[in-house]
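One structure is given below, represented as structure tokens, and several questions about it will come after.
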Number of protein chains: 2
Amino acid sequence: MTEDYSQYPKHLVAVDCIIFGFDGENLKILLVKRNFEPQMGEWSLMGGFIDSHETSDEAANRVLYTLTGLENIYLEQLKCYTEIKREPTARIMSISYYALINIEKNIQINEQYSAEWVELKKAPDLIFDHNDMVKDAVARLRRRASTGPIGFELLPEKFTMKDLQNLYEAIFDEKFDKRNFTSKINSMDILVNTNEKDMTSSRKGSFLYRFDEKKYNKKTSQGFMFKI
Amino acid sequence: MTEDYSQYPKHLVAVDCIIFGFDGENLKILLVKRNFEPQMGEWSLMGGFIDSHETSDEAANRVLYTLTGLENIYLEQLKCYTEIKREPTARIMSISYYALINIEKNIQINEQYSAEWVELKKAPDLIFDHNDMVKDAVARLRRRASTGPIGFELLPEKFTMKDLQNLYEAIFDEKFDKRNFTSKINSMDILVNTNEKDMTSSRKGSFLYRFDEKKYNKKTSQGFMFKI
DNA sequence: GCAAAAGTGTTAGCCATACACCCATGG
DNA sequence: CCATGGGTGTATGGCTAACACTTTTGC
């Protein structure tokens, strides 16, 4: 006896992306203004339907590429939302993904979508269950950021210690002590000082660091655990 | 302009359940022997297709009820698996759920499914990507167990300190020091000593405890954090 | 020379860990 | 009375958190 799949219902399945960026001061998310019904003109996450020939990961990457032109972005599946009435016009499941992008990269945001970076804290109400998706994504981001070096995805290649601290303060919405933060980071020994200075923020200038991924991987394979 | 959904492909979407139980010594999972093709006769997780009128949570609860007759079980969504060829005969997405059940409850396992409790460590190879699902579920269980009181879902209402320690040792696959474990649990002050003794395990007998959920909730709302 | 941000160490309290003996009881 | 598992306290080292002054340099 072979299973006859035709008796089972099929479903529309979409992906929605929570795209995080950091401008040096605030965490932001990239939102689009819907240019189609339902809820045309309202703010939402960027999403798209999953095609028959692609996985949800591929669909999320495609959606991200379509909007930003970026590839090889940090992207992680979060959760599948399946409430029957989560969209008013049809039963659509959606798998949420969150992405981390360096906001300074030359992003050519596709004009077609009226996308905007908005501060996470000041984000407008979103359609459907997209507010829940964002909330879940922030929780996941915090957890990942505290246990792994994903914060660097949000920074340019070279960054100051202050940038890094600002980033973590934005992610956790919490202030840290400068000396404790610096020595914790330094004690992990996963950054390299480029010996270049960023002279834009002060007269004295502040050193620029790079995340040393090779070193991090090596240390990790020897039992090291990132922890903030 | 309203979106025309008919142009988008629809998908079969299933749920698969990783059902954990604890027998006092070992963590177990409930597996079924497939009685239909493909891969008839091989071990797999218990699963089922999502119907048009139900959410994935409801489908998972239904699958669990069908197999065990149990309702109101701890159940949490894990991840959506969408590889095109994850099943050989059709493109089927699957949302995994993990469940925690008290193995001592009068479970009437539905004979129809040839289900068996097997020790997690000795689990056979499973079909499709079910091995990955189990691995992901164990990781999630460990995380949840270390930060919340979900372990009690796996124990009978009354349990000894030894039971509790055995449980956490099984979950984390790691031995703990008896005195440190006891004092950590006691310092959280979320158990009540029933002043009954379990006389089956020793001459002296060991006290039976209950998890005090009310107290836990109250403490939690005041900032308490469970931590093991 | 002064304003503004960068950089840098020490201390005290807390928590995690390591560790061993007496107790109660049934047989 | 003895064998078996149950129950209990202390000391140490490491980590976290609190805290303030000096340096550099452009203006």
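Residue numbering restarts at 1 for every chain, and letters A, B, ... go by the order of the sequence lines.
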Taking only Lys NZ, Arg NE, NH1 and NH2, and the carboxylate oxygens of Asp or Glu, determine whether A:Lys121 and A:Asp173 approach each other closer than 4.0 Å.
-> yes

May I have the distance from B:Met225 (atom CE) to C:dC15 (atom P), rounded to whole angstrom?
-> 13 Å

By nearest-nucleotide position on DNA chain C, the 5'-leaning member of B:Lys197 and B:Lys178 is B:Lys178

What's the NZ-C1' distance between A:Lys175 and D:dA17, to the nearest Å?
-> 18 Å

When the nearest nucleotide of DNA chain D is assigned to A:Asn180 and to A:Arg203 on a heavy-atom basis, which residue is associated with the more 5' position?
->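 Residue closer to the 5' terminus by nearest nucleotide: A:Asn180.
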
Compare all side-chain heavy atoms of B:Tyr97 with those of B:Ile73 and state whether any distance is below 4.5 angstrom.
->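 Result no, sub-4.5 Å side-chain heavy-atom pair not found.
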
Going by modelled atom types, is there a donor-acceptor pair between the base of C:dA24 and the side chain of B:Lys204 at under 3.5 Å?
->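 By the distance-only test, no, there is no pair.
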
Rounded to whole angstrom units, what separation is found between the CZ atom of B:Phe176 and the C1' atom of C:dC19?
-> 18 Å

Protein-nucleotide distance (B:Gln165, atom CD; D:dG6, atom C1'), rounded to Å =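 It is 12 Å, rounded to the nearest whole Å.
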
NZ of B:Lys184 versus P of D:dT10: gap in Å, rounded?
-> 20 Å

From C:dC23, C:dC19, C:dA5, nucleotide with atom closest to A:Ser201 side chain |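 Nucleotide nearest to A:Ser201's side chain: C:dA5.
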
Proximal nucleotide (of D:dA20, C:dG7, D:dG9) relative to the A:Arg179 side chain |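 For the A:Arg179 side chain, the nearest candidate turns out to be D:dA20.
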
Pairs meeting criterion ring-ring contact (aromatic ring centres under 6.0 Å, His included) with involvement of residues 121-167 of chain B, two or more places apart =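 Sorted pair list: B:Phe128-B:His130, B:Phe152-B:Phe159, B:Phe152-B:Phe211.
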
Separation of D:dG5 P from B:Leu164 CG (nearest whole Å) = 20 Å

Report the residue (B:Thr160 or A:Gly205) whose heavy-atom-nearest nucleotide on DNA chain D is the more 5′ of the two.
-> B:Thr160

Residue pairs, two or more places apart or on separate chains, that pass ring-ring contact (aromatic ring centres under 6.0 Å, His included) and touch residues 173-199 of chain A | none

Value in whole Å for how far the P atom of C:dC15 lies from CD1 of B:Ile185 = 16 Å

If you round to the nearest 0.5 Å, how far is CG of A:Leu45 from CG of A:Asp16?
->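 Nearest 0.5 Å value for the CG-CG distance: 5.5 Å.
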
Rounded to the Å, how far apart are A:Phe181 CZ and C:dA6 P?
-> 13 Å

